[in-house]
S.K.: 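Attaching a single structure in structure tokens format; questions to follow.
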Number of protein chains: 2
Amino acid sequence: MTTTDETQATRPAGRPRSARAEKAIIDATLDLISESSGLGELSIEAIAARAGVGKTTIYRRWSNKEDLLVDALAALKAPLPTLAGRSLREDLVACAEVFLRETRNARSRCVMNIAMNEAERHPRLVQRIHQATIAPRRAVLTALLERGVATGELRADLNVPIALASLIGTMVWYVRGFEPGHEDLPEGAAEQVVDHLLVGLVPR
Amino acid sequence: MTTTDETQATRPAGRPRSARAEKAIIDATLDLISESSGLGELSIEAIAARAGVGKTTIYRRWSNKEDLLVDALAALKAPLPTLAGRSLREDLVACAEVFLRETRNARSRCVMNIAMNEAERHPRLVQRIHQATIAPRRAVLTALLERGVATGELRADLNVPIALASLIGTMVWYVRGFEPGHEDLPEGAAEQVVDHLLVGLVPR
DNA sequence: CCGTTTCGATACACAAAAGTTTCGAAACAG
DNA sequence: CTGTTTCGAAACTTTTGTGTATCGAAACGG
């Protein structure tokens, strides 16, 4: 023991680090990433300026840009949809609503862009995004599809990987059409997409 | 008339520009874009080095980076699928085969990445990509879907925008799963995807 | 052979950004 | 009050890329 014991954690003595500055840095980083949708354009100087913080304060906490990015993207909360479990269709719509809303959020969308485009340049970062964000979502949908097959609500011979791609891909691509003008999605878009995929293209 | 008439085109006199150098520059540009999947990281110096060409030779032809990019991407041939017109399913499979193969080609994929991510930074370029590459494809598929509705091969109440998104989005997302290890797509992937979307998820 | 133009290479000025260092002020412990 | 650490700001070095200019060599027409 050096000098004091302040509820177990020994304060290092000296001016404590500002939590407000840390939050401002993370926020500024996420804002700038969402605006530029690319990691190469992101500069520490811009982050410092946006956060109202000296570059020193950033480099004291993170030794390089990628470390900062990892922490910034980790701060992005990723709420998974809650499934009622009453019917497959209801749960799929719940997933679709969450994913559609998420895809229209600039901060969430930039995560997907990074995961898709910066795989070779920032493998560590992309791997982290994958296990923290993509894998859980994929797991939820996969379990849902397998449950549907088990209950008979889905075709017994369903190709799950293709079904997964059809759900996520369709939503991602559908949302793309409404980006430029920032128009709102049509009412009931989630139901429409899900029903479209459930029932197929051909007449019954 | 100044001096000569060489089949109508007056040669400016002096060493002619090397067509080989021009091709090397375009090729190097496309290579580097496909590798980095981002426009910000692309440097004229890297292009010159890869092409084995002096920077002068580039700047003599294009006054800035964006002009070069426009020409480079225009050099990307984009063969549309030829439709037999015998049945909707057959034509959809033909489209899917072309689009799947295209999506697995690095140079073609980078065009899509640019169109999706660099909209604010290079509006001119993205607009050109849109009208040269995206719009024709969308038109082919839209016409195909509308024909299917007219012939009764597709549901009369089909939501065409969603159907379009389901086709393209599913293919794009499905291909994504086979990127990292460069595994080949499963045999008959195009048929599987098309049949999956045609018949839907639920049992009949 | 001569004038013109392009060739690739190199050097240059200029700008942007990374990362380091220094500075005076401020916050905290004792 | 004193010592320690963080604060934001600014100066600094290094790297990287843009765009221009200069060079001798090479390719063409006449």
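Protein chains get the first letters and strands the later ones, always in sequence-line order, with residue 1 at the start of each. Heavy atoms only: backbone and side chains are in, while hydrogens, waters and symmetry mates are out.
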S.K.: Taking the nucleotide of DNA chain C with the nearest heavy atom to each, does Arg17(B) or Leu42(A) sit closer to the 5' end?
M.R.: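 It is Arg17(B), whose closest nucleotide lies nearer the 5' terminus.
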
S.K.: The side chain of Glu45(A) is closest to which nucleotide in this list: dA18(C), dC28(C), dT18(D)?
M.R.: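 The closest nucleotide is dA18(C).
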
S.K.: Find the distance Leu32(B):CG to dG17(D):C1' and express it as a whole number of Å.
M.R.: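 Going from CG in Leu32(B) over to C1' in dG17(D) covers 14 Å.
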
S.K.: Taking salt bridge (charged side-chain N to carboxylate O under 4.0 Å, His left out) as the test, write out the residues that go with Glu22(A), two or more places apart.
M.R.: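 Here the qualifying residues are Arg61(A).
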
S.K.: Counting distance only, does the side-chain N/O of Arg155(B) pair as donor-acceptor with the main-chain N or O of Leu201(A) below 3.5 Å?
M.R.: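 Side chain of Arg155(B) to backbone of Leu201(A): no pair is present.
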
S.K.: Could you pull out all residues at least two apart from Arg60(A) that satisfy side chain to side chain contact (heavy atoms under 4.5 Å, CB included)?
M.R.: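 Partners of Arg60(A) by the side chain to side chain contact (heavy atoms under 4.5 Å, CB included) criterion, ordered by chain and then number, come out as Arg17(A), Thr56(A), Thr57(A).
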
S.K.: Counting only non-hydrogen atoms, which of residues 51-60 of chain A are less than 4.0 Å from DNA chain D?
M.R.: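 Of all residues in residues 51-60 of chain A, the ones placing a heavy atom under 4.0 Å from DNA chain D are Gly52(A), Val53(A), Gly54(A), Thr56(A), Thr57(A), Arg60(A).
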
S.K.: Can you pull the salt bridge (Lys or Arg N to Asp or Glu O under 4.0 Å) pairs that have at least one residue in residues 126-150 of chain A, sequence neighbours excluded?
M.R.: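 Counting only pairs at least two positions apart or across chains, the salt bridge (Lys or Arg N to Asp or Glu O under 4.0 Å) contacts touching residues 126-150 of chain A are Asp91(A)-Arg147(A), Glu102(A)-Arg137(A).
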
S.K.: Which is more 5' along DNA chain C, the nucleotide nearest Ser18(B) or the one nearest Arg15(A)? Just name the residue.
M.R.: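 Per heavy-atom nearest nucleotide, the more 5' residue is Ser18(B).
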
S.K.: Whole-Å distance between dA16(C) C1' and Glu41(B) CD?
M.R.: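 Distance check: Glu41(B) CD to dA16(C) C1' gives 15 Å.
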
S.K.: Between Arg61(A) and dC7(D), does any side-chain N or O lie under 4.0 Å from OP1 or OP2?
M.R.: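 Result: yes.
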
S.K.: Which atom pairs, donor and acceptor, lie under 3.5 Å between side-chain atoms of residues 82-89 of chain B and protein residues at least two apart or in another chain?
M.R.:
from	atom 1	to	atom 2	distance (Å)
Arg86(B)	NE	Glu90(B)	OE1	3.4
Arg86(B)	NH2	Glu90(B)	OE2	2.7
Ser87(B)	OG	Glu90(B)	N	3.0
Arg89(B)	NE	Asp195(B)	OD1	2.7
Arg89(B)	NH2	Asp195(B)	OD2	3.0

S.K.: What residues form a side chain to side chain contact (heavy atoms under 4.5 Å, CB included) with Ala24(A), not counting sequence neighbours?
M.R.: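 Listed in chain order: Ala51(A).
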
S.K.: Mind calculating the distance between NZ (Lys65(B)) and P (dA16(C)) to the nearest angstrom?
M.R.: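 In whole Å, dA16(C) P lies 14 Å from Lys65(B) NZ.
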
S.K.: Can you measure Trp62(B) atom CH2 to dT18(D) atom C1' for me and round it to whole angstrom units?
M.R.: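 So the two atoms are 17 Å apart, to the nearest Å.
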
S.K.: Would you mind reading off the distance between Glu22(B) atom CD and dT6(C) atom P, rounded to a whole angstrom?
M.R.: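 After rounding, the reported distance stands at 12 Å.
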
